[in-house]
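Encoded as structure tokens, the structure appears first; notes follow it.
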Amino acid sequence: MVSSLHYERDLNQSQLEAVYYSDSPLLVLAGAGSGKTRVITYKIVYLIRERGLSPYNILAVTFTNKASNEMKERVVSLLGQETEIWIKTFHSTAAAILRNKGNVFGIDPHFTIIDQQDQQSILRKIIKQLNLEPDVYKPGKYAYLIERAKDMLLDAEGAHLEGFSNDSAFFDIYRVYEKILKMENLLDFGDLILQLSRGLKSCPEALSELKKRFRYVLVDEFQDTNHAQYEILKLLTLPEGNICVVGDEDQSIYAFRGAKIENILSFSKDYNGVKIIKLEENYRSFQSILTASSHLISNNTGRFGKNLYTKKGEGEKIKFFRARSDRSEARFIAEEIHNLVFKNDYRYSDIAIFYRVNAQSRVFESVFSRVYIPFMVVGGPRFYEREEIKDILAYLRLAINPMDEISLSRIANKPPRGIGVKTVEKVVKSTIERGLSIFSFGENNSIPRSRISRVTDFIELCAELNRMVPVSDPPQLLKLLFDTSGYLEWLHREGEEERIKNLEELYNAVEEFSKEHPGSPISDFVEEVTLSQGGIEGDGQGDRVYLITLHNAKGLEFPVVFIAGMEDGVFPHYLSGDNVSDLQEERRLCYVGMTRAMERLYFSAAKVRKLYGRSIERGLSQFLMELPSELIDYSDEGDYFTPSLISGRRTSGLQGASLWGKSPRSRPREREVPDLEVDDRVIHEQYGRGKVVELEKGVASIHFEDGKRMKFLLKYTPLRKDQEVGTSESEGG
DNA sequence: ACTCGAGCGGTTTTT
DNA sequence: CCGCTCGAGT
Ligand SMILES: Nc1ncnc2c1ncn2[C@@H]1O[C@H](COP(=O)(O)OP(=O)(O)OP(=O)(O)O)[C@@H](O)[C@H]1O
């Protein structure tokens, strides 16, 4: 579908100015929903169409892969043709350049990118090797420190010199870690940025080649770039200043990952003659949502300040519901969703539920499955983290990079083929640790003759795959892998139906990938999976409610938003730190969440929440008190027996708010599901008499007497069998 | 080499 | 509640 391009129609004056401007570096600084992303999108199109830049000459950096896909689609649709434009995250940009130019920078371009799980298992090994106790010297902590050091462009040596940490074990661990990664040709996420920046600094020819290529650079979500990323931007665009960045200081939520809001301030200093454009009209949300979110964020300090307005109406009040437990919070939301869908004509996919930590999705998943609300968990316990998927990917990684010890140890014995830990160690010692690939494993004597063929057969299998990677059609290669590795057969033997299904899904994803990127080798697929950490769309589409963390919601928008778990300790999270800047970041997170809502916004909280199986009493989130009480409709799950709210001393800004809904129920009703069959006559409390025309998974399609046809979730629908008229059950023929 | 289960520890947030 | 590591036993 091609949408026509019309700058003046689709953009307001300030946006137009930003799109047309190109005399100097440009900083678009504006609040939520003001059309910053749209500016970037249209500016790309404008540069190509009106300024004659080739798509090849443009680099656009987004924050997530999801965002880059969306932007790309939009650009393609506006241009009316496919392009090979680089709209990528920092990490995929870096990966792509390193694959290309790695040689020049002294990096083998067949490197494997490792995720934090691999990272931690390597660290665990190192810590043990150094004779330290992993329970004291926690791998996770060192992974974190190393990543932060890399954000600052510090390698082990540099970190040491700079006195980056006062943990004496840190440098030793970092050093060994660095050595192992180098030896096995692995890069972690931080390395992608670090190595690129290094390469560009040390290799002027490569840099100038890239500068020639990227005639204009655009950056979305600039407030969340870290030092290293900003350095790369400067390398690419100084002194020319061919750059446009957009951002909002109130939406900086990744400080924990090294993001620096100060980059916004630095930008005007580091570049000459920076033009700043502000956007003030919000196109996304109703006024009530805007007012409430502005009110909340005004509690932060160090803001540039903004004046957002909207021409949309006032909108509904914001609703807040306090439930007894996390489970009944989920039931309440389920019921509300049901109403929104069946009474207010929303689609499921118009609705999103945001939460602070991934673990919160569980309750929703369980309750929603029970009442047949279709949902999708964005970025949760991910598809690609399942064991069988990781295994198959490890085969591929090893085939691509035969020095990848992590992948080797993972699959050497899956399926069991008589290669144990010890044997793997021997292989590693004689190959990888000597800077050789496992394919060079030869006449090795430490392994008994009787067993050596198991090893050589396995290595031959890998070598075969390795030869096929660059030349094979990815789906075919995958099939071959399933068979020749014996993996699929193994699952069959073990009766692992679920896992086999998952592998089928993986196959579908690869097929899909191949369709979208004809001619690309399977290594590209593996890379995409690694970099996007499992957030594949695939078939996940369809009309479903979104379950998503607040962090992941950045940049998205939904007609209806629920922010769940508005409890002290959950949000702000008790581990988020207690200094002012930590609290302010949590507040920004809340602001981000609220401003995703277009039409309706709900908050909810539970009085008692399960944590590690124990029930814990929870107070309310302080952010609720920071909302203007006149904009909030408060309701409480009938708690005549629950004293905590009454005795609980905090009366808060919510005091005096009206109870919404005339008859607050003591609990969301769990209706008796009437025992229905197709053709049964029924009576609906609201719509009157009708007939069941279809029944599926607890959803009934009813044909009413007035001709209307509607679908209902039985569990939540006031339906009963029609006794009087229904007389003969077999009447409907 | 491989399987199984007791025991433990741990929860932010993500590319 | 859940997943992971480690140790015992086959
Ligand atoms: N000039 C415009 N006229 C009408 N709608 C617009 C205009 N500009 C943007 N929009 C719409 O407003 C919404 C928000 O736009 P966009 O996502 O670009 O804002 P943003 O500033 O990037 O938001 P955020 O920072 O909150 O993610 C989108 O639905 C977009 O289509």
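Naming convention: chains lettered A, B, ... in sequence-line order (proteins, then strands); numbering from 1 in each chain.
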Nucleotide [N], atom [atom2] - distance to [atom1] of [X] in whole Å:
X       : N       : atom1 : atom2 : answer
D220(A) : dT15(B) : CG    : C1'   : 15 Å
D188(A) : dT14(B) : CG    : P     : 18 Å
R257(A) : dT15(B) : CZ    : P     : 7 Å
F63(A)  : dT14(B) : CZ    : C1'   : 7 Å
R614(A) : dG9(B)  : CZ    : C1'   : 15 Å
K125(A) : dT5(C)  : NZ    : P     : 12 Å
Q119(A) : dT15(B) : CD    : P     : 14 Å
I616(A) : dG10(B) : CD1   : C1'   : 13 Å

Under 4.0 Å between any heavy atoms, over every strand shown, what does [X] touch: base, sugar-phosphate, or nothing? Just pick one.
X       : result
E585(A) : nothing
K128(A) : sugar-phosphate
L611(A) : base
T423(A) : sugar-phosphate
K414(A) : nothing
R454(A) : nothing
Y254(A) : sugar-phosphate

Between R417(A) and Y574(A), name the one whose nearest nucleotide on DNA chain B is closer to the 5' end.
R417(A)
By nearest-heavy-atom nucleotide on DNA chain B, the more 5' of G420(A) and H551(A) is G420(A)
Counting just side-chain N and O atoms, does [X] come under 4.0 Å of either OP1 or OP2 of [N]?
X       : N       : answer
S532(A) : dT15(B) : no
N358(A) : dT12(B) : no
K138(A) : dG10(B) : yes

May I ask whether F256(A) stacks on the base of dT13(B), given the cut-offs of 5.5 Å between ring centres and 30° between planes?
yes
For dC4(C) versus dT13(B), give the span between their P atoms, rounded off to a whole number of Å.
15 Å
Write down the distance separating the C1' atoms in dT5(C) and dT12(B), rounded off to the nearest Å.
23 Å
If you check every side-chain atom of [X], which of [options] has the closest atom?
X       : options                   : answer
T89(A)  : dG10(B), dA1(B), dT15(B)  : dT15(B)
N65(A)  : dT13(B), dG10(B), dT15(B) : dT15(B)
R124(A) : dC6(C), dT12(B), dA1(B)   : dC6(C)
R362(A) : dT12(B), dT13(B), dG3(C)  : dG3(C)
F189(A) : dG3(C), dT15(B), dA1(B)   : dT15(B)

Side chains of Q116(A) and E147(A) in contact at under 4.5 Å (non-hydrogen atoms):
no
Residue pair I122(A) / Y177(A), side-chain heavy-atom distance below 4.5 Å:
yes
Using 0.5 Å steps for rounding, measure from the CD1 atom of I107(A) to the CG atom of L98(A).
5.0 Å
Please round to the nearest 0.5 Å and tell me the distance separating atom OG of S430(A) and atom CZ of F441(A).
5.0 Å
Side chains of T37(A) and R74(A): donor-acceptor distance under 3.5 Å anywhere?
no
Face-on cation placement of K260(A) at Y230(A) ring, 6.0 Å and 45° thresholds
no
Would you kindly check if the NZ (Lys) or CZ (Arg) of R148(A) is within the cone defined by 45 degrees around the ring axis of Y144(A) and under 6.0 Å from the six-membered ring centre?
yes
